[in-house]
*Asks:* 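Quick one: this structure, given as structure tokens, is what I'll be asking you about.
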Amino acid sequence: MFEVDVLGLACPIPVVRVQKAIAAHAGEVLLVKVDGATPKEHVTRLAESKGYSVKAEEKNGEIHLELTPKT
Amino acid sequence: MNFLNKSKWIILGGFIFGVLGALAVNWGNPNNMGICVACFFRDIAGSLKLHSATAVQYLRPEIFGFILGAFGTSIAFREWKPRGGSSPIIRFILAVCVMVGALVFLGCPIRSLLRLGGGDLSSLVAIVGLIVGVLVGIFFLKRGFSLGRSTKVPAIAGLVFPIIALVLFVFLIIKSGALTFSESGPGSLYVNPWLGLGIGVVVGFIVQRTRFCSIGCWRDIFLVKNFYLFSGVAAFLIGVLIANYIAGNFGADGPYHWGFTNQPIALPYADADGGIIWSQYIWSFLSFSLVGLAATLMGGCPLRNTILAGEGDTDAGISLLGYIAGGAIAMNFFIASGTGGMGKYGSWGVVVCLVICLAIGFIMREKEAA
């Protein structure tokens with residue numbers, strides 16, 4: 001699982017990083033670490049538009065988003 | 001249908017915001033300036049005696065409402081998070097650049113929409129410029145531009161801006177003699193302070209919950225082909241138009257008319273004989289390109305940063321200080337335009353700030369793991 005750590009990065013950098021990761025690791029499951037509701041929403045919107053399902057989990061103040069390509 | 005379902009709240013929120021922005025004029029704010037975040041920061045700078053342009057000095061309660069509304073909303077939804085340390089001085093400089101661009105055109109991106117919704121077609125030129133600026137910003141984002149990571153800061157740091165907003169609102173209510181308030185000009189036109197605060201709180205709630213952003217709306221279309229934020233801005237413009245027509249602001253008795261020239265609190269775009277002043281269109285385009293670029297690099301429009309400051313983002317708070325300083329700089333150094341024409345150094349201000357923003361765009365990069 002490829003990991004994208006965008007903790008502490010302000011809008012819109014998390015979306016840019018995840019977009020690059022999606023392009024570079026097409027078809028792979030991605031783990032995206034964000035630290036707030038706004039990047040969570042933006043990344044989720046991007047991932048869903050790119051055909052991924054998103055599972056969110058809170059861990060020690062971080063939000064871990066598992067992006068799984070829909071087959 | 002799925003898009004409408006996901007965007008329904010930002011569409012509703014944007015519409016309400018647009019209606020409030022338009023009607024704020026009927027309730028006392030200057031024409032086509034029901035809400036202008038850049039103008040309001042300039043007015044606050046004037047009231048704090050950071051510039052001496054007597055026509056634009058007032059403590060705008062809407063700004064305090066934005067901050068306090070976002071503060072209360074983020075607390076209620078457990079999103080208040082004190083944070084900071086992401087290149088604050090660069091954000092300050094970018095905020096100054098945003099203000100220089102905004103005050104040459106005479107409006108922030110929100111006011112450009114209010115002007116358009118009030119019949120001022122010259123706004124279209126600026127909005128095209130804004131989009132070009134956003135596209136240049138996207139170029140930098142794609143090549144790795146970043147202002148770095150923020151980290152958690154003590155709660156008191158996150159409380160600074162809500163406290164400042166509260167204190168300044170009290171100063172407004174008591175009309176503190178330590179400050180200055182315009183007796184004529186746009187600064188002397190305002191809604192009841194409590195109403196202004198109320199409008200600000202409602203807008204603060206809407207923007208905090210929906211992430212409404214008048215820069216992000218264009219950025220997301222081109223960067224990720226997403227229309228979520230744009231749907232809110234489009235609803236805002238529709239709200240402005242409907243409210244202006246229903247309130248009778250167009251027509252014989254109203255202050256608005258459709259056209260490019262001689263619009264309320266805008267560059268004239270025409271000389272006394274009706275000849276078109278093309279240079280004012282060019283500088284409106286370039287000044288808003290500057291706003292689009294600087295605001296894309298700092299992550300959002302002035303309104304969005306004001307909301308973030310209420311959410312505990314101290315970097316956004318530094319941006320607000322940059323807006324106030326930028327307002328003072330634009331007025332003190334004859335950069336800001338007026339209804340009579342451009343400031344003596346308006347074009348220089350735009351060029352210098354564009355160069356600064358391009359340099360920041362090229363220099364600021366963070367190594368990416370991805």
Side-chain angles (χ1 to χ4, degrees), chain A residues 1-70, chain B residues 2-3 6-7 10 74 77-81 83-87 91 134 137-138 140-152 208-211 213 215-216 219-220 222-229 296-300 304-305 307-308 311-313 315-316 319 364 366 368-370:
Chain A
M1 189 187 302
F2 187 77
E3 191 178 305
V4 189
D5 173 1
V6 291
L7 296 167
L9 290 170
C11 175
I13 310 298
V15 168
V16 176
R17 296 278 168 92
V18 174
Q19 195 179 31
K20 282 185 179 175
I22 285 175
H25 302 271
E28 288 180 38
V29 176
L30 303 177
L31 173 67
V32 183
K33 292 181 179 177
V34 300
D35 61 358
T38 306
K40 178 192 166 192
E41 288 169 20
H42 285 153
V43 169
T44 300
R45 236 183 345 257
L46 169 73
E48 287 177 348
S49 75
K50 297 279 184 189
Y52 287 74
S53 63
V54 180
K55 200 174 86 185
E57 200 182 350
E58 231 181 297
K59 276 185 185 170
N60 310 323
E62 299 175 0
I63 302 170
H64 292 192
L65 302 171
E66 197 176 294
L67 278 49
T68 310
K70 288 178 191 165
Chain B
N2 192 29
F3 173 78
K6 284 182 177 172
S7 303
I10 195 169
S74 61
F77 287 86
R78 296 169 180 271
E79 289 182 7
W80 188 76
K81 210 170 65 177
R83 56 197 186 275
S86 167
S87 306
R91 290 179 187 277
V134 170
I138 289 173
F140 288 120
L141 290 172
K142 285 191 169 175
R143 69 187 291 278
F145 173 84
S146 171
L147 291 174
R149 294 171 193 260
S150 63
T151 52
K152 196 176 170 188
Q208 202 285 331
R209 293 316 301 151
T210 62
R211 327 300 184 197
C213 179
I215 287 292
R219 181 198 64 216
D220 283 3
F222 298 107
L223 186 65
V224 287
K225 297 178 179 59
N226 187 288
F227 287 79
Y228 170 78
L229 293 175
T296 301
L297 296 181
M298 60 195 292
R304 185 91 197 107
N305 273 298
I307 299 303
L308 287 171
E311 288 180 22
D313 185 338
D315 293 323
S319 303
M364 298 297 293
E366 193 195 47
E368 296 174 50

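Numbered from 1 within each chain, the chains take letters A, B, ... in sequence-line order. As the structure is a prediction and not an experimental result, all values here were calculated from the model.
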*Asks:* Output the distance between atom CG (Asn305(B)) and atom CG (Asp315(B)), rounded to the nearest 0.5 Å.
*Replies:* 9.5 Å
*Asks:* Roughly how far, to the nearest 0.5 Å, is the CG atom of Leu46(A) from the NZ atom of Lys225(B)?
*Replies:* 11.0 Å
*Asks:* Given heavy-atom pairs under 4.5 angstrom as the criterion, report whether the side chain, backbone, both or neither of Ala24(A) touches chain B.
*Replies:*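 Nothing of Ala24(A), per the 4.5 Å heavy-atom cut-off to chain B.
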*Asks:* Taking side chain as C-beta onward, heavy atoms only, is Lys142(B) less than 4.5 Å from Leu223(B)?
*Replies:*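 With C-beta onward as the side chain, the pair touches.
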*Asks:* Among Glu79(B), Lys81(B), Lys152(B), which residue has the highest count of heavy-atom pairs closer than 4.5 Å to chain A?
*Replies:*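 Counting heavy-atom pairs under 4.5 Å, the top option is Lys81(B).
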*Asks:* Could you tell me whether the side chain of Val32(A) reaches within less than 4.5 Å of the side chain of Val6(A), counting heavy atoms only?
*Replies:*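 Yes - at least one pair of side-chain heavy atoms lies under 4.5 Å apart.
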*Asks:* Could you pull out all residues at least two apart from Asp220(B) that satisfy salt bridge (charged side-chain N to carboxylate O under 4.0 Å, His left out)?
*Replies:*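 If we apply the salt bridge (charged side-chain N to carboxylate O under 4.0 Å, His left out) test to Asp220(B), skipping adjacent residues, there are no hits.
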*Asks:* Work out which heavy atom in Leu9(A) is nearest to a heavy atom in Ser146(B); give both atom names and the distance.
*Replies:*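 For Leu9(A) versus Ser146(B), the nearest heavy atoms are CD2-OG, 3.7 Å.
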*Asks:* Taking side chain as everything from C-beta outward and backbone as N, CA, C, O, which of these in Arg219(B) sits under 4.5 Å from a heavy atom of chain A? Side chain, backbone, both or neither.
*Replies:*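 Looking at Arg219(B), just its side chain touches chain A.
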*Asks:* Heavy-atom cut-off 4.5 Å, strictly under: side chain, backbone, both or neither for Ser86(B) against chain A?
*Replies:*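 Answer is neither: Ser86(B) stays 4.5 Å or more from chain A.
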*Asks:* Which answer fits Arg83(B), side chain, backbone, both or neither, if we ask what part of it has an atom under 4.5 Å from a heavy atom of chain A?
*Replies:*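 No part of it gets close to chain A.
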*Asks:* Relative to chain B, which of Gln19(A), His42(A), Arg45(A), Lys50(A) shows the most heavy atom pairs under 4.5 Å?
*Replies:*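 When all of Gln19(A), His42(A), Arg45(A), Lys50(A) are compared, Arg45(A) has the most.
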*Asks:* Using a cut-off of under 4.5 Å for heavy-atom pairs, which of Leu147(B), Thr296(B), Val224(B) has the most such pairs with chain A?
*Replies:* Val224(B)
